[in-house]
Amino acid sequence: MSSTDILESGEEPCFRLEHLPGKSPHLAGKASPQVNNRWDAPQVTANGVHDIEDRILRITGYYGYNPGYSSHRRGEGSDSHAETPGSETSGDGTAYQTCANTVLKVLGGLLVVLCISSSWVGTTQVVQLTFKSFSCPFFITWFSTNWNILFFPLYYSGHVATTREKQTPIQKFRECSRLFGEDGMSLKVFLKRTAPFSILWTLTNYLYLLALRKLTATDVSALYCCHKAFVFLLSWIVLKDRFMGVRIVAAIMAITGIVMMAYADGFHGDSFMGVALAVGSASTSALYKVLFKMFLGSANLGEAAHFFSTMGIFNLIFISCVPLILYFTKVEHWGSLSSLPWGYLCGVAGLWLVFNILVNVGVVLTYPILISIGTLLSVPGNAAIDVLKHEVIFSVVRLAATCIICLGFLLLLLPEEWDTVTLRFLTTLADKKTEEHGEELTESSVHTRSRSRANGAVSIPMA
């Protein structure tokens, strides 16, 4: 039969390999290979399952069918099953690594929280010690702000030590100056962008130090925590951020704590003035953060270091005249430079710089919520020092006001989707309880039926 007859007959072509006469089809000492032709009939297994499955696939016209398909699928399934332990091992290794990274991040965050809280408590306490011999809050603010110039050099030193790509300080400074725009830093941008934030920064710290002359460190640090509520209110009004009822409640609690703090000693005297100064410091701090978010957006660590150093340069050049004016007008008078308490001044400036560095570095290394908690922990830290060292006795009203402000601060730390996450968690928990209760009922009913059958009793359901 010719090839044309084969194609016209409609039958499938069949080819057979003939053995050469006198030649053995198998090599000596080796097993004969089994060649499965695509058109060969499938082998029938002992139980006939293979043959039955192939017949069903042929009759139903399964797309892509070839004989032996089911057996091949079973073989592939067994192979994949054999590879499962390796995949599970790699999955377990990835999960373990992720868990270890999370634990390290949390532990590092807790360490940063303790350092932030300690530095802020130390700054507040050293300022009060400085006031005993040198009561010039604006000079202290100006002197401490000048130390911000060291932020970028410290960042660049860490960058050189931890990365392989080496850049000159000028190149890195220009790269980080993109925070102010694509054109980088210019004199116009320097004055336009740096001046408002530098003034707000100086005003915030100056009002904070003035409040420390009127109130205890615990009261001032607690009132300063209200800046979180003011940030939310300004962001909601100016930046059109999402409205959250729980944050409105937190803001009301902060305002309630402020009123109670002012009422503790009556609405008169140094106490009321100290509360007003502390609230003013919190308000300017909130305005600083909202304006930064509005005009500059978010910044990485290098851009933050660049920004702080730029503010220090602006402070040194343009605000140095203010301490001189206060000195000659006798508002803040000091003696010779040798009589100044340089140890306390350098201690305040150094702790303030460490606090600012830790806040910006901590956001990169760990969770931002832990950084905010570090600021909150300064309240009990200052309270412990005031009670143990300065023997301060807090009234019930002040303690209640401090607790209300701290609780409102914690409510402000809740994420935006906290309500959805909480409802989802409660729903999942309720579903699990329902499933467990259903399984218990099923097990109890099966146990009851087995006991009834063992005792020869038949339970008839009631109509």
Side-chain angles (χ1 to χ4, degrees), residues 113-148 150 201-225 227 261 264-265 269-271 273-282 285 312 315 322-323 326-327 330-359 374-395 398 402:
V113 164
L114 293 177
C115 294
I116 289 175
S117 178
S118 301
S119 60
W120 190 238
V121 170
T123 301
T124 306
Q125 295 294 330
V126 175
V127 165
Q128 288 194 328
L129 291 176
T130 307
F131 281 157
K132 294 180 179 180
S133 57
F134 185 73
S135 183
C136 299
F138 193 89
F139 182 86
I140 296 174
T141 301
W142 171 80
F143 181 77
S144 301
T145 305
N146 288 335
W147 281 50
N148 286 340
L150 300 175
W201 175 274
T202 302
L203 188 60
T204 298
N205 296 332
Y206 179 57
L207 292 176
Y208 187 85
L209 297 186
L210 286 177
L212 285 174
R213 293 203 303 183
K214 306 291 184 180
L215 300 174
T216 62
T218 305
D219 295 341
V220 176
S221 58
L223 290 169
Y224 183 75
C225 288
H227 77 276
M261 192 75 71
D265 296 329
D270 292 341
S271 177
M273 183 61 65
V275 172
L277 291 172
V279 173
S281 176
S285 176
N315 180 80
V322 178
L326 296 178
Y327 173 80
K330 305 298 182 180
V331 176
E332 289 187 0
H333 183 73
W334 62 87
S336 61
L337 295 178
S338 59
S339 63
L340 296 180
W342 291 110
Y344 285 143
L345 292 176
C346 292
V348 172
L351 288 172
W352 223 322
L353 178 63
V354 169
F355 173 77
N356 292 323
I357 292 176
L358 288 174
V359 167
T375 306
L376 180 64
L377 290 179
S378 64
V379 178
N382 282 315
I385 295 177
D386 287 341
V387 171
L388 298 177
K389 185 177 181 180
H390 303 293
E391 298 180 355
V392 177
I393 300 176
F394 296 101
S395 62
R398 286 186 180 275
T402 302

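What you see below is based on every heavy atom in this structure, not just the backbone, and it leaves out hydrogens, waters and symmetry mates. Just so we're clear, the structure is a prediction, and the values are computed from it rather than from any experiment.
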Completion exercise
Heavy-atom closest pair (A217 atom, Q128 atom, distance to 0.1 Å) is N-NE2, 3.5 Å
Problem - Pairwise side-chain contact, N205 with S144, heavy-atom cut-off 4.5 Å (strictly under) - result: no
Practice task
Kindly indicate whether the side chain of N315, heavy atoms from C-beta on, has any atom under 4.5 Å from the side chain of W142.
Solution key: yes
Completion exercise
Distance col, row T204:OG1 vs L209:CG, nearest 0.5 angstrom, shows 11.0 Å
Practice task
Go through the side-chain N and O atoms of S281 and Y224 and say whether any donor and acceptor fall under 3.5 Å apart.
Solution key: no
Practice task
Show the numbers, then the answer: is there a side-chain contact (heavy atoms from CB on, under 4.5 Å) between T124 and Y208?
Solution key: CA-CA 9 Å; T124 306; Y208 187 85; 3.2 Å; yes
Handout entry: Student check: side-chain heavy atoms of T402 and F394 closer than 4.5 Å
Key = no
Problem - Rounded distance [0.5 Å steps], OG1 in T145 versus CH2 in W147 - result: 12.5 Å
Identify every side-chain donor-acceptor pair in residues 342-359 under 3.5 Å, counting partners at least two apart or on other chains, and give the distances.
residue, atom, partner, partner atom, Å
W342, NE1, L337, O, 2.7
N356, ND2, W352, O, 3.1

Problem - Flag, side chain of D219 to backbone of V275, donor-acceptor distance under 3.5 Å - result: no
Problem - Mutual orientation of the aromatic rings belonging to H333 and Y327 [parallel < 30°, tilted 30-60°, perpendicular > 60°] - result: parallel
Expected list for residues 383-392: side-chain donor-acceptor pairs under 3.5 angstrom, two or more places apart:
residue, atom, partner, partner atom, Å
D386, OD2, T218, N, 3.2
D386, OD2, T218, OG1, 2.6
H390, NE2, Q125, OE1, 3.3

Completion exercise
Note: R398 and A264 closest approach over all heavy atoms is CG-CB, 3.6 Å
For residues 134-141, which side-chain N or O atoms pair as donor and acceptor with protein atoms under 3.5 Å away, sequence neighbours left out?
residue, atom, partner, partner atom, Å
S135, OG, R213, NH1, 2.8
T141, OG1, P137, O, 2.9

Exercise for the section: Look only at the side chain of S378 and the backbone of G374, and say whether a donor-acceptor pair between them is shorter than 3.5 Å. Expected result: no
Exercise for the section: Check whether any side-chain N or O of S117 sits under 3.5 Å from a backbone N or O of V113 as a donor-acceptor pair, and report yes or no. Expected result: no
